[in-house]
Every structure is written in structure tokens, then in C-alpha cells.
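Structure first, then comments.
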Amino acid sequence: FVVGCTSNEPEEEDQPAAAETGGGDDGDGGSGNDEPGETVVIGFSGPEADHGWLAAVNDSAIAEAESYEDVELRTAEGTNDANLQISQIETFINEGVDAIVLLPTDGAQLTEVAIRAMEAGIPVVNVDREFSSPFAARATILGDNHGMGISAGTYACQLIEENGIADPVIAEIAGIDSLPLTQDRSRGFAEALEACGQEVDNRVAAEFTVESGEEQAANLLQAAPQIDIIWNHDDDQGVGVKQAFDNAGRDEFFFIGGAGSANAMQWIQDGEMEATILYPPTQAADGIRLARLIAQNKGMSDLVQVEVPRRIVLNAPVVNADNVEDYLHLGFES
Amino acid sequence: MSSPFGRNLGLILALLVLCAVGAFTAGDRFVDTDNMVTILRFASIIGVVSIGMTFVIIGGGIDLSVGAIVALSSVWATTLATQTMAEDTHWLLMVFVACAVGVGCGLVNGILIAYGGMAPFIATLAMFAAARGLAEIISEKRTQLVDVRGLVDTINGEFLGIPVLVWIFAAVSTIGWVLLNRTTFGRRTIAVGGNATAARLAGIAVKRHTVLLYVVLGLACGIAGIMLTARTGTGSGTHGQLYELDAIAAVVIGGTLLTGGRGTIVGTIIGVLIFTTLTNVFTLNNLDSSTQAVAKGAIIVIAVLLQQRVSVRSADSS
Amino acid sequence: MSSPFGRNLGLILALLVLCAVGAFTAGDRFVDTDNMVTILRFASIIGVVSIGMTFVIIGGGIDLSVGAIVALSSVWATTLATQTMAEDTHWLLMVFVACAVGVGCGLVNGILIAYGGMAPFIATLAMFAAARGLAEIISEKRTQLVDVRGLVDTINGEFLGIPVLVWIFAAVSTIGWVLLNRTTFGRRTIAVGGNATAARLAGIAVKRHTVLLYVVLGLACGIAGIMLTARTGTGSGTHGQLYELDAIAAVVIGGTLLTGGRGTIVGTIIGVLIFTTLTNVFTLNNLDSSTQAVAKGAIIVIAVLLQQRVSVRSADSS
Amino acid sequence: MSGIVKAFPGVRALDGVDLEVRAGEVHCLLGQNGAGKSTLIKVLSGAHQPDEGEIRWQGEEIRLTTPLSAMKHGIATIYQELDLVDGLTVAENIYLGHELSSAGFAHRGETQKQAAALLARLGHSEISPRRELGTLSAAGKQVVSMARALSHDVKLIIMDEPSAVLDQEEVARLFKVIRDLQSEGVAVVYISHRLEEIRQVGDRVTVLKDGRTVATGLPARDTPTRELTRLMTGRDIEYVFPPRVSRDGDGTVVLSVENLASGRAFSGVDFEVRAGEIVGLAGLVGSGRSEILETIYGARRATAGTVTVDGKQLRNGRVRAAVGAGVGLCPEERKSQGLLLDEAVYRNVSLATMGRFSRGGFINRGSEKRAASEHVKSLDVRPTGVERAVRTLSGGNQQKVVLARWLLRECRVLLLDEPTRGVDVGARSEIYALVRRLADEGVAVVLVSSEVPEVLGLADRVLVLREGVVVHTGPADDIDEHRVLDLVMEGSAA
Ligand SMILES: Nc1ncnc2c1ncn2[C@@H]1O[C@H](COP(=O)(O)OP(=O)(O)OP(=O)(O)O)[C@@H](O)[C@H]1O
Ligand SMILES: Nc1ncnc2c1ncn2[C@@H]1O[C@H](COP(=O)(O)OP(=O)(O)OP(=O)(O)O)[C@@H](O)[C@H]1O
Ligand SMILES: [Mg+2]
Ligand SMILES: [Mg+2]
């Protein structure tokens, strides 16, 4: 379930955003959690915001922090170098911040330093890419990458069945191949396909950039003269992927996306895309909220539980023409 | 001096071997006009940058900022303001803006190197950081969609059945070849790269010429920027990543000396084709990216060693 | 020979200015022993690579594969097999494996360059692709956790209140300095890079020496690989990205000529510190990455121009 | 050595050469540019591997596979192209490759002490062994090169044109060293294009022509010059300077230099050169002659004074202004300052004249090559092909290529810095004739040479320099070699 997703529009930040799905309709508005408490310093470090989704992650985190007058945010933004990110966390430890929100370039690689922060008495909220040790984070908010792959694969199976495609050709355009999250997505996709007796016929990996998406998609189209279903992991690179389809004049397949950018939602509305699997960029914003609560020793008012939970996994729902209206506001600019 | 054919014999051989491998492993999917066009279209953008890079390297320099300049020019050409103006006037305005941005960056590089006395590696490393940062600031890290359809339709379209991108690459290559081999500009480039002191004492304005070389490369980056903009339908701060390594690799595989003073446009073109064909063959064979990387490393080594052996032999027999 | 202090005066000045900016903008948070230690710890890994790179560049070469070698050695040292053996024997086995992998890669680079006659840029570009690909294949693109606590606890720990990583950097720097300035190996490196013909005619085995230089750098990469493994508690094919540019930039900012034949270890160390201090000051000041990039570009230019002016002046007055 | 053959791609540089050197003798090698002298000694020093032939050393056949193996046999070499490392100190250069060290650690103090001793032996104790080599002048480097050779325990020293960058004083010192060595039983192979040196120091002479030995064992002192030049060139050559056309006072002033100074190199230099006049600058190495030429040419900034060509003042520090006004410079170091070694001969020749063969920036290669070939032929550059890369030419022929560049340019003012350095006798007289012919055609020539007879013989007027100051100006006829040397040494006698 999605907890306290916020919109990207800064002007809406002042009002407490409603939990979108699952949770109670009145959100956390009823509790005293949004009342200003003692000022807390939160350190936030994320990977290099080199594409739309990550930029949205950073922006929404910063906007979220700005919406609280009792939060002072220190950002150490922007690196794909674990060594540098470790040193950024060390800086936070030196400064003695009250909590750290960490979206690591790689969960395992930042575990050592996160443990050190925890040992120094600074609670760490782990976002999106999970640490390899349970002692490294006070709370963990995860997008469900494996679930994303499952959703995409299941949806693909559904399409095959509904349209009665015999011997379908299934293609996959992955993101940066060496990231665990990409592998999780691909694994989920393969598992779900296996459930309906299918497998990926052609796979390429792009780099989350428009250019690489276009390049790899063009190569993919060349490699497979006829395709029935394509799953593209990431709607940012999807802009390029889509352009490659247009360039080649190919649209014989069902095109499924990932993440849920504004563009993707638009295409779904226009009928140019079948569906996209949501992967909200608001996790870090949620992380800021949790960090604030933890630092101020508060709990989550929607839960009976007194304290903030240790682990929250976000849902990865499928957005298609039937429900796109409900998700439009979540779409981020890629 | 041996004929350009002889000099590039090893390279051509390497390319042919690669094609044979492609034909053998991927069959009809490789030996197919559409596929050839795909390869060429893919090669066209990095190709234009590499032609420009050839001049800078022959002139004794190097430029690490080409990818960043490509990104900056694509972003600048697709800002709301530029696009609005282009809607009002003509899409060529966007082309002009991209080229102007490229030339501007090249000018800064050139002036820092020639008049500031900075090492090319360092000056362009600074530009590498600054131009990409600026591109991100301007685009606010968003991908800017192109609404001016004329640009995309024309440059990403076809002319006489061949993609306009490939025409542009062909035109830039031809101009580059003539410039290097048939004009005083080309001669001066070789002189400046071969022996800057001798060139200066022979009355060549070495500093001014050096600036010009980076401007030429900047212009090539601007052209590549608008090509990439049209091809992807977007301007983005992430465009052109690793172009610096790709372009330098293509130029050097093509036989241009990194120390300057010697090099050919034809070699560069073949170098670009080797790399793009390689990627195509890999994709057609569904190779995963790690295996691709290892194979790429091995092939670079083989291609270069082959080229050396063959050119030594052909020089002997001449 | 002018004193190392005089030669590096501009650099030291640039570093001081940077520190002043840090102290002014971030106050106590910058001027703080813990923060200094953080900077040094961050500098240590890229520092070790840069010391090795200094030798290769002085010797007239270049190495683009350092980051990939760091990754490969970290992955190889953390495979299940290696870790199991290390559990049975001692964690030093992992250190040994990482160093051996580094030396092996350096050896391949060196042989391709010295005996295969390949341009260093191209040979190491091939290694850049191949080593990272191999690292990904071995690790199956997973991040490999280190279970041998001895390694992490020791190398990522402290000794006499100072992080062991910093001690290693200090040791490598000292050895590098002695090697370059006080041994025949160092003097011959300058000869090979400054005038390879002269070196050959003086009876120096230039090819063998070139191989040795890349082996030294490979060893440095192996050490850096195990340092990074301990610091992150993992081995991964993504380690060491862009280290090649960072290391080369530090070496060149430090006054080593890319054409070879001249350079200092002290300059390299200051170069590394300039870059890491810069990053630290940025972090302390909450700068976003795009602005950082632009500022970094500007500061590189200013530092180099400053260094030139100051060293010209101090050379004049000497 | 006997029957040595060495072929390079396209050239048979050595085609069966025999050479026999006895202990304690000074054996001179003579031959035109490109005859194969340098190649021969490179074979002897292990730098090149011969294709055929054998080398016998003290009676035994040996194979010299590397420079190191030659050194081990006691053969040391001073190469024609100074092969030293700029980034190292003088002492380190001297002991490069055979460092005084233990376990790889260099003994710096000891190295410097011994280097200082060697330099003192060569009469150059003013060169500090700790100085960085790059800051020395060409002559200084030559001294270091010699010290380097002496640092080995040698039985044979090969010197390839060691005197080319030395002035007479230095040469005299060099000869003294050679005689010392000789008395210790060391053999010397001496290469020079200056016959008078060979007569002074040599014992026996071997003459090479086109890669073959044409004469060997000739007595150095007594063999007539005619005979030697005939052996070298295959024809009779008069080693004389072309006659001066006396035309006092006529000819307009083309170049005028007023009160010129540049830093500490020279100051207060005043002179005029008329059309058709050759002005020679004489002086010791380091007296600032090259700097004067470079400053006139704009390659170096003047700190005071003006340069005027045809009544128009040149912009300070602008080479292009000078070239535009019709000034040409043949620089002192042809390799580092003059040539594009990998480029074809014709492209080197036309480098300063490209504009003439181009229209709208496009070069007409046909006319370019034709014009270049003409000058290359007139200078007798060998081999004659203009498509050949300059790197493959011998030193003297490379020098001619630089000269050809300025001939092609048809300058108003020609600045020649050591134009005959490393040039053989035959080519020398051709160059002399050429310079005189140019002057007769109205070119103003400034000539710098370390060979005083050359300055006196060729120039109309002579300026003698000492430590950057002109100490004598006057017609070349009024002064003789001894007087010049006195002036150069004492300086005050002006
Ligand atoms: N590396 C090389 N490659 C090709 N040809 C060469 C090379 N070195 C020398 N040669 C050729 O070999 C011949 C002999 O050259 P060498 O340098 O021995 O002449 P030299 O007698 O020393 O002349 P100089 O008096 O001008 O120094 C020349 O024709 C030259 O062009
Ligand atoms: N690179 C340098 N660094 C320091 N001093 C230099 C350098 N080059 C030249 N000089 C100094 O400048 C003065 C003139 O030198 P130079 O040898 O060029 O004179 P020259 O009369 O032309 O002699 P040559 O016969 O060698 O041409 C000398 O005092 C010399 O030491
Ligand atoms: Mg010679
Ligand atoms: Mg001189």
C-alpha cells in the first residue's frame, strides 16, 4: 500500500496530502503529527539525479522538507560513486544530524556506513534500495522492483490470453543492467511470464536515458522483425523508446512501460501505450516524513502501532486506460 | 606517403571480418538494407562528432567535453523560449541555436587552451563538468519534448529513401575530408599538431588556429546535438553520455595519432563504423551487456594489432 | 631543479583558497578534525590510484582502465570461493587476490602497449571495457557482500585514532615519493617518458620498464580495490566508476605533464586533495549537483590558471 | 667492422661498409649528408641491428644486440641528435642507465660529485650537476653528452658531429680531451663535416659514399682536401666562398634594427642591412646571437628597441608581422623548430608559402609540388623524391629542406641561424653560392654561424658579440679570424 504519497505540485504541499489508496481517507490530518515539534535536522543523500524519476525523487523530498517548518534539510545530492556517498554520510555523522534519509546508489555498498550512523545514534531511513543488514536502518521504504516485474509479466500474460496470441514474441528493454533493481525487475518479469508458459525472446538494456532508450529500442526492433509485447522498465528512457517506435513506424505490439511518468499517462490516454507499472517517485518524500516522526519520537497516526514501522513496501499497480485518470496526479515530468 | 586505401587496409579488413561475423551469426537480419540503414543512422551522430574530433586530435589536442556540449546544445535548442520563437519563425532557428551553443563552447575551450595555456585535457574536463551542469540547470533535469514538428519530421525523416541523418553524416564527412586534405586549413592543422614551434616560426598563427580547431569541433557537437534532438524528439541533459570516449576511440582506431600531426578522415569513419557495427552484431545476437563489453575489449585489441601488421606489410611492399 | 614547494606553490595556494572558502561558508562544520578525517578518508582510495597513475603518465603513458581494474579486483576478492578460502586461512588472502588481479591487468595493459605497440589510450580503453565486463560476469551483476569481518574491521577501522585507509594512502604516497625521487626506477621513468630514444640508447630496457609502470599502477588499483571493498563492505562491478578521469585530472592538476617526462608525487597528492575538499565544501553547503558541476568546471580553470601564473613568477624570481 | 649492410624501408643506408679502428687512434669518418655515417655508428653502438656483415672487437666476432651490450664492451657513443632527457638533472643524465646505486636506490651525492668531476675534466665546472638539463643551451647539452660518454669505462668513443653546436673555443677544449683519451689508449671515431678539424685531431680517415666505403686508412693530416672531397662527392669541389660584389653605399636599407634588447639575453643592438648585403654575427655560444634573430623575427618579445623592414616598423612579438613583411628565419634546431618530421618534403618546403598555391583556401597541389621540387633539386637534396617523409632524410638534407622553404618564399630579409650546421662540404659550397646569389638578387641576409671563417668568408659586414653586447662592427675584409677570437674573448678590445 502507498503511504502518504504527495503530489509534485509544490503549492499543494501546504495541505496535508491524502493517502491515495488503501489507507484511511482522512489521512494523517486528524493526528497531531503535522503540528510543528522541536526542529530536527535531517540529512538527505540520493544518487545522481540524472533522469526524471530520480529528479522527481529529490524534488519531492526537498519540497516535503520545506513544507515542515520544524525540518531543516541538509542535502548531499548527486553521486553514483559509493565512495563519495559514504563520505557524504560521514559528513552527516560529523555534523550530528538528527536523522538521515538515504537512497543509496547501491544498498549493500552503503550498509557499512549506515550501520556506523546508527551506532552513532542517528536513525537512518533507507529508501528504495535496501541495505544488506537489518541493523543499518531504523525504517525502510521500498519501491517493489520485483513486484513491478511481476505486475508487468502478469499483465503481459493477461494480454496474451485476452487477445489469443499464439506463440507470442516478448521483448524487454531493461534499465542499467548492473543495478540490483533492474535485475529484480527482470527476475519478476521472467517469473510471471513463466507462470503462463512464456519467456522473454529479446532483451536489451538501456541506461535510463532518452538517448540510450532510442538506441537500444532501434536495435531491438531490428533484431526482432515482429514483436507482440514490449516491456520497457523505465518511462524516462521510454521517451526515446517511443521515438524509436515512431521512427521505425512500428506499433504492432503492446507497449508496457514502467515508473509512471506524465508522458506515459498521456500516451495511455491517447491510446499509444497499453499500460505502465507504477513506481512512485515520492518514496524519499515519505522517507523525510518518517525521519521527522522518528526524530521527534512520534508514531504513525494511521496505525495502531505506537511507533513507525520498520519496513514499508510500496505497491506496484498497473495503470492502463481503465484507471489512468486515478493516477494522473502522480505522473512526474521526465 | 602510401595511399589512403593502403593505410586503412587493416581497418577495412577488421570491418569486413566483423561484417562476416554478423552475416554468419545473424544471417538475413544482418545482411539487410534496413539493418545497414539502422547501423548508418546509429553511426551518424557519433560520426559527426568524431569527424570534428579528428581535427582537434590531429592538431595536437583532445576534447573530453563533446558529450556535454551535445547535451547543452540539445537542451538550449529545446527550451520553451527557443521553441516558441521557432514556431513563430522556422525550425531552422533551433538548428542555429544548437550550432551557436556548440561554437560558443568550442570557443571557450579553444581560448582557455590557446591563450590561457591550459592543457587540453584539463580545460575540456572543466567544460565537461560545466556544460553538463548548465544543461541540467537549464532543463531543470527534465526531458524537454520537441513540439516543433518541422524539425523532427525533416531531420529525422528521409530524403531519396535514405535517412536525412545519414545525409548529414555524409555531408560532414565530405566537408571534413576536403578541409583536411585540400585546404590550407587542413595543412595548418597538421603542422600545428606535428610541430607547433615549427609552425609558429613558419608564420602560422598557432594560437588562433588552435581556437579554430575547437570551434570546428564545437560546431560538429552542435550539429550532433540537433541531430540527437530530432532523433529522440527531445532535448536532455543526459544526451551524449560517453561520447568523448566513443569519439576518441573511433578516431584513434582510425589511425590518427593522439600526439597529433597525423590522421585521416576515412580512418575515423571506418573506426566509427567498426564500433557501431559491433554493437549491432551484438544486439542481433542477443548478447548481454557484460559479454558485449568483454568482446568489445578483445575486438579493439585485435583490430588495432591487425591494422598495425597489415599497414607495416603494405608499407614494406610500397 | 626548483624546490617542490616552489613548483607547487600555485597548487598549495589554490588548496588554501578552497579551505578558506570552506571555513567561511561552512564554518565549524568545515574546520573540524572529524571533517578533515572525512576528507582524507574519501581522498585515500582515489589517492592511491592517482599515485600509480602519476608513474604511468610521467612514463609517457595513460590508463583509462583503472576504475574497471578496481572493480574487477574488488569482485574477484569477494567471490564465494575466495572468501571461503580466506575464512579458512586469513583475510590477507583477499588482499593478495585483489593485488594479484590488479597486477595481472596491469601486466596485460603493459604488454599490449610495450610489446604489442598499441597506443596506451586504446589498449587501456579495451581493458576498460573488458575488465568491467568480466567483473559483471563474475559477480553476475550482484553486489557481493564481504563476510570476512577481519578485512572490514581492520582496513575500515582505525589505528592510533586515524583511519587505516588514510594510513594506507600515506604509506603508498611515501613509497611512491621515494620510488620516484630516490631510486633508479624513478629516474628511468622520467627518462622513458621524457625521451624514449635517449632512454633506449642509454641501455634502459624501455619496453620492460613500460610494462613495469603499468604493473605498478595495476598494483595500486588492486590496493584501491581492496580499500573500496573494505569501505563499502562489498565487491561490485560498479565500483570505481569514473576513477580514470578523476585520477588523471588529479595528476594533471598536480603539474604532471600528459606528454610525460615530468611530474611530482606531492603535486598529485595536492591535486587529489583539491578535488576531494571541493566536493566536501559543496556537500557542506547543500549545493545541488548541477551547480556543483558548473562550479567544479570553473574552479578547475581558476586553479590551473592560478598555478601557472604563480609558478611562472616563482620561477622568474629564482 | 666489415661488409655491414643496413636497409631501411626504401633506402639501403649501408651497403657493405668496412671500418677498422685501432686502439689509441682518432679515426675520422667522412662522407656527404646521407652517406650513412650516423647509421654506421648506430650499428656499432648497438642501436641498429645490421642486416648483414660482422663486427669484430679485439679479434673476436661479437653481436651488439642492444646499446647496453655495446657499452659492456666498452663502446660509448655521443649521438648526432642529442639524446638526453630534459626532465632530469645534469648528473642524472650523465649516469642514466648505469646509475650509481645500491638495491635500486640512487646515490645522489656520489652521482653529483662524480658528474662534477667529469664536467671539470671537460673544462665546464660552471655547469652545476644539479641543474635541470632542459635549461641548458644546445652547447651545454653537448658537453653533458660528452661527460656521459666519459662516464663509462671505455675503450672506444664514437662522436657523431660533436662540434656542430660548439664554437671554436669549445672545440679546442674538446680536442684536448680527445688527446687525453688517446694517450690513455682509448680509440675515438670522430665524425665531422669540418675538414680543418679532422686535420687537427685525426689520425686516419675513412670515407663513405652512398653507403659504401670508398677509401679507408687515409692519413688525416696529409691527404689533400681535393682528394677527400673528390672521394666524398665524386667530383671536384672548390671549398671557397663566392666573390663579393663590391658596391659600397648602394642598395637601400631593408632591415634596420635600433637599440634592440630582450631581457638579459642581449641589449643595445643597432645595425642596418641593405639590399644585397650579408651581415654576419660572430660570437661565442650563448652570446645571444640566436636571440637577436628570434627577436627580429618576432618569436621573442623585445624589451626595448625597434625593428624596421622597408621603412615599416614591425609589431613587437608577432611572427606573422615579420613574415608578412617578407622576413624569413632558418632556425637553429631544425628538428624541434623547423620541421614536420612525418610530413612529406614538399609540404615542409611550402609550409610558409601555402597561400601562394591556394585559392579560397584550397590548395593546388600540382603547382605546390612543382615549385617545391624545383628548389629541392637546386639544393641537391638526396634522395630527390618530394613525397618522402622528412624523417627519413639525413641531418644535412633536412637542413636543406628548411632552407628550401625560405627560398621558395622569396623573402626580403633572410635570417640564417647556423645554416650549414651538419651540412657536408659539397652542399656547403652550394649553400654559400646560394646565399650570395640571393643577396645579389636584392635580399638582405643576416647570418649567424659558430664557424668564424664562414662568417668572415661569406658576410660583407661582421658584428662581433660578447655576452649580448656588440663589441665590434665593420667590413668583413678588415678583420681576421684571430682578431675576432680576441674580441670574443676579451671584448674590451673594441
Ligand atoms: N630511420 C630511418 N628510416 C629510413 N631511412 C633512414 C633512417 N635513418 C637514416 N635513413 C637513411 O639512411 C641514409 C643514411 O643516413 P645517415 O643519417 O646515416 O647519414 P649521415 O651520413 O649521418 O648524414 P649527415 O651527415 O647528414 O648526418 C640516408 O639516406 C637516410 O635518409
Ligand atoms: N631555455 C633557456 N633557459 C635559460 N637560459 C637560456 C635558455 N636558452 C638560452 N638561455 C640563455 O640565453 C643566452 C643566449 O643563448 P644562446 O645559446 O641561444 O646564444 P647563441 O649566441 O645563439 O648561441 P648558439 O651558438 O648556441 O646559437 C645564454 O646566456 C643562455 O644561457
Ligand atoms: Mg649523421
Ligand atoms: Mg644560437
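Chain A is the first sequence line, chain B the second, and so forth, proteins listed ahead of strands; every chain is numbered from 1.
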Report task. Quick one: list whatever passes ring pair (Phe, Tyr, Trp, His ring centres under 6.0 Å) with C/F169, sequence neighbours left out. Result -> none
Report task. For residues D/D86 and C/R262, determine if any side-chain heavy atom of one lies less than 4.5 Å from a side-chain heavy atom of the other. Result -> yes
Quiz: residues 207-216 of chain C side-chain donor-acceptor pairs under 3.5 angstrom, not counting sequence neighbours:
from   : atom 1 : to     : atom 2 : distance (Å)
C/H209 : NE2    : C/T189 : N      : 3.4
C/H209 : NE2    : C/T189 : OG1    : 2.9
C/T210 : OG1    : C/V206 : O      : 2.8
C/Y214 : OH     : C/I62  : N      : 3.4
C/Y214 : OH     : C/I62  : O      : 3.4

**Report entry** Shortest non-hydrogen contact between C/N181 and D/R108, atoms and distance
**Finding:** O-CD, 4.2 Å
Query raised in the report: Quick one: CG on D/L68 to CZ on C/R200, what's the gap to the nearest 0.5 Å?
Result: 12.5 Å
**Report entry** Distance in Å, D/D83 CG paired with C/T197 OG1, rounded so as to fall on 0.5 Å steps
**Finding:** 6.0 Å
Report summary line: Under 4.5 Å to a heavy atom of chain D? For C/I190 that would be both
Report task. Among the options C/A202, C/G186, C/A191, C/G193, pick out the one with the most heavy-atom pairs lying under 4.5 Å from chain D. Result -> C/A202
Query raised in the report: Between D/E92 and C/R188, is the closest basic N to carboxylate O distance under 4.0 Å?
Result: no
Report summary line: Closest non-hydrogen contact found for D/L96 with C/A199 is CD2-CA, 4.4 Å
**Report entry** Minimal non-hydrogen separation, D/P67 against C/G203, with atom names
**Finding:** CB-N, 4.2 Å
Requested in this report: Ignoring hydrogens and angles, tell me if any N or O in the side chain of C/N195 forms a donor-acceptor pair with the backbone of D/V85 under 3.5 Å.
Outcome: no
Query raised in the report: What distance separates D/L84 CG from C/L201 CG, expressed to the nearest 0.5 Å?
Result: 10.5 Å
Query raised in the report: When rounded to the nearest 0.5 angstrom, what distance separates NE2 in D/H98 from OG1 in C/T184?
Result: 12.5 Å
